[in-house]
K.L.:
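Got a structure for you, written out below as structure tokens; questions coming shortly.
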Amino acid sequence: MERTLFHKILILLAIYCSIACSSASDNLIDASKLEMFVDELPDMPRIQGYEVVDGVSKSKSLNIGMFKKTWKFHRDLPPTPVYAYGLDHDRATVPGPTIEALHGVNTYVTWQNHLPPNHILPWDPTISTALPNKTNGIPTVVHLHGGIHASESDGNANSWFTAEFKQRGPTWTNNVSHYPNNQQPGNLWYHDHAMGLTRVNLLAGLIGAYIIRHPFVEVPLRLPQGNDFDRPLVVFDRSFRSDGSIYMNSTGNNPSIHPQWQPEYFGDAIIVNGKAWPRLTVQKRKYRFRIINASNARFFRFFFTNGLRFTHVGSDSAYIEKPVETKEFLLGPSEITDIIVDFSKSWSKVAILANDARYPYPSGDKVNKANRKVMKFIILPNKTVDESQVPKTLIKYPSGDLSSVSQTRYIAIYEYTSKTDEPTHLLINGKPYEAPVTETPKVGSTEVWYVINLTEDNHPLHIHLGLFKVLDQTELVKLEEFKECMTKLNDAIKCHVGNYTRGKKLTVPAHERGWKNVYKMSPGFVTKIVVRFSYIHTNASYEFDATAEPGYAYHCHMLDHEDNAMMRPFKVIK
């Protein structure tokens, strides 16, 4: 009874705060009034996750903190209060430093929480959060997105901790994360993953790039290399108040149910490496860009306004087998694409990277003047010597062998609404995160998952630990009839899903047919994926115990959905 009363008091306080704070939205800056392309694109600090002793690469231990500080997102904006990762307060950045690891060499990170007791952004105590109290510290836990390692270092949502580890979540184990880096080379990123607070902690700035390099297999490819020509681009959206602070809604779409939560966050200023609409001066040669969509909910469909093309060499954390050229491509929240751009092929002196994806994707608002532009490339006139190349073949990994499939699963995505038809929460298979585990893949196994999207949104589904290939997407016919049955029975087999998966098929883009850890689940479609719970570059088993607690998770990577409560645990068994 006391807990129920405490909960009601928190709700009343949150409603009061949302009313009292709503006037602050009057100070929201019109992003279209900010001049674009006035700030240089930063190259975030780079930290080696290994050290070289007498010519031999050795494991390295890092201490990376989370700090409250101010950050200049635009020349004409006041400094913005943020949370930032860094070796110390002065060197902390948004996004955080790029960690460069070496294949087969251990990296150990002690993530240190130096954040103050109160959050700089509003959050909602009515959804399941790590700590239902606004004054006892800010819970954080770091997830290395795309990493293959033991679950105690995976950033389990309940393994959170506050400053100086004063308070710790129920699955917290130790303060050092071990990243063995034994997986395939590729692009990862690290970010906060605290239960119910992921959307606000990332919005505040807790994001950063992580690269696993494997010189033995990568150097022969002769792709662009070196800090000047191989650049991570961490892209996200934000809105700001006139005092420079990050704007986030204080009132929810169903304030009597959730005082603050809204189904998606969108900002009009497009940020790349911590600057709004930056510019980069480039030579007439090939560049490599590792693009990470670190937005809460925004999809980007990238294209160059002058028609310049992209050559894809990787998707998420793995190389693809052969380069793929595109004129445009869609990147969902948390997806990564690895591209080559050859500026010697530009007919113009300037190339604008632009975006035309609706928000929410695919049926929301059209882009506006502010969020249509991403960044500008200024191309120097003289052609330079370029010894890099794009080879005809990259790295070939095993295909998704369906003959070895040991289990087939049906994963249904539901959205629930209030009497006013406003979303209240989302679930996977009709179950909250706290419900008992229902997915128990075996170590080394291959499974087929049919992901059934019964909502109107495209959901980027992320699976921890495992890698998967997308086989096809098939439209559901008689959708409302099938949805009615699923709402009642929550059982795809009993609802005869095969009778409804007879609509048109969507072609999986060629650059996304490799091994991924996130994919865009189209609304009203069933997406068939083959999931592998083992390495893809070797037949060797995991060198760690994947069956140990606290286990892994899979979830929507639209962060407002993930927090409420579109995430499920899974348990790997022997």
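Computed from heavy atoms alone, side chains included, the values below leave out hydrogens, waters and symmetry copies.
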K.L.:
Under the salt bridge (Lys or Arg N to Asp or Glu O under 4.0 Å) test, which residues partner K166, sequence neighbours left out?
P.N.:
E164

K.L.:
Around atom CD of E543, are there more than 12 heavy atoms from other residues, nucleotides or ligands closer than 6.0 Å?
P.N.:
yes

K.L.:
For the residue pair T474 / T501, report whether a side-chain donor-acceptor contact shorter than 3.5 Å exists.
P.N.:
no

K.L.:
State, without any angle test, whether N453 and T455 hold a side-chain donor-acceptor pair at a distance under 3.5 Å.
P.N.:
yes

K.L.:
Would you kindly say whether T251 and N249 are connected by a side-chain donor-acceptor distance under 3.5 Å?
P.N.:
no

K.L.:
Side chains of H561 and H459: donor-acceptor distance under 3.5 Å anywhere?
P.N.:
yes

K.L.:
Please evaluate residues Y190 and W111 with respect to the criterion ring-ring contact (aromatic ring centres under 6.0 Å, His included), reporting the C-alpha separation (whole Å), side-chain torsions for both, the decisive distance (0.1 Å), and the verdict.
P.N.:
CA-CA 11 Å; Y190 60 95; W111 301 101; 5.3 Å; yes

K.L.:
If the plane angle is over 60° it's perpendicular, under 30° parallel, otherwise tilted; pick one for W189 and H145.
P.N.:
tilted

K.L.:
Ignoring hydrogens and geometry beyond distance, is a side-chain donor-acceptor pair present between D338 and S315 at under 3.5 Å?
P.N.:
no

K.L.:
Taking atom NZ of K494 as the centre, report whether more than 12 heavy atoms of other residues, nucleotides or ligands fall under 6.0 Å from it.
P.N.:
no

K.L.:
Does Y535 have its ring centroid less than 6.0 Å away from the ring centroid of Y542?
P.N.:
yes

K.L.:
With distance as the sole criterion, is a donor-acceptor pair present between the side chains of S317 and Q184 under 3.5 Å?
P.N.:
yes

K.L.:
Look at the side chain of K483 and the backbone N and O of L454, then say whether any donor-acceptor pair between them is shorter than 3.5 Å.
P.N.:
yes

K.L.:
Nearest 0.5 Å, what's the OG-CD distance between S128 and E434?
P.N.:
4.0 Å

K.L.:
Is there side-chain contact between Y552 and V572, with heavy atoms separated by less than 4.5 Å?
P.N.:
yes

K.L.:
Between T171 and N156, does any side-chain donor sit less than 3.5 Å from a side-chain acceptor?
P.N.:
yes

K.L.:
Verify the distance criterion only: is there a donor paired with an acceptor across the side chains of N187 and R290 at less than 3.5 Å?
P.N.:
yes

K.L.:
So, D563 and R199, do they make that salt bridge, N to O below 4.0 Å?
P.N.:
yes

K.L.:
Considering only heavy atoms from C-beta outward, does the side chain of L471 approach that of I529 to under 4.5 Å?
P.N.:
no

K.L.:
Using the six-membered ring wherever Trp is involved, compare the ring planes of H103 and H214 and label them parallel, tilted or perpendicular (cut-offs 30° and 60°).
P.N.:
parallel

K.L.:
Answer with yes or no whether the side chains of T440 and K571 bring together a donor and an acceptor at under 3.5 Å.
P.N.:
no

K.L.:
Using 30° and 60° as the class limits, which term best fits the ring planes of H462 and H464: parallel, tilted or perpendicular?
P.N.:
tilted

K.L.:
How are the rings of H191 and H143 set relative to one another: parallel (under 30°), tilted (30 to 60°) or perpendicular (over 60°)?
P.N.:
perpendicular

K.L.:
Any donor-acceptor pair under 3.5 Å linking the side-chain atoms of D154 with those of H193?
P.N.:
no

K.L.:
Looking only at side-chain N and O atoms, does Y519 offer a donor or acceptor that is under 3.5 Å from a partner on E335?
P.N.:
no

K.L.:
Taking atom types as modelled, is there a side-chain donor on E264 or Y359 under 3.5 Å from an acceptor on the other?
P.N.:
no

K.L.:
Give a yes-or-no answer on whether the side chains of Q262 and D560 include a donor-acceptor pair shorter than 3.5 Å.
P.N.:
no

K.L.:
What distance do N564 atom CG and W261 atom CH2 have between them, rounded to the nearest 0.5 Å?
P.N.:
5.0 Å

K.L.:
Ring of Y554, cation from R568 - is the NZ or CZ under 6.0 Å from the centre and inside 45° of the axis?
P.N.:
no

K.L.:
Parallel under 30°, tilted from 30 to 60°, perpendicular over 60°: which one fits the rings of F165 and W172?
P.N.:
tilted

K.L.:
Does the ring centre of F533 sit less than 6.0 Å away from the ring centre of F570?
P.N.:
yes

K.L.:
Do I452 and I411 have side-chain heavy atoms sitting under 4.5 Å apart?
P.N.:
no

K.L.:
We want to know whether N181 and Y210 form a side-chain donor-acceptor pair, criterion being a heavy-atom distance below 3.5 angstrom.
P.N.:
yes

K.L.:
Step by step, would you call N113 with T140 a side chain to side chain donor-acceptor pair (under 3.5 Å)?
P.N.:
CA-CA 7 Å; N113 184 337; T140 62; 3.1 Å; yes

K.L.:
Ignoring hydrogens and angles, state whether a donor on the side chain of N254 or S418 is under 3.5 Å from an acceptor on the partner side chain.
P.N.:
yes

K.L.:
Determine, for E512 against K520, whether the closest basic-nitrogen to carboxylate-oxygen distance falls under 4.0 angstrom.
P.N.:
yes

K.L.:
When you look at Y83 and H119, which way does the ring-ring contact (aromatic ring centres under 6.0 Å, His included) test go after all the steps?
P.N.:
CA-CA 10 Å; Y83 298 155; H119 213 291; 5.0 Å; yes

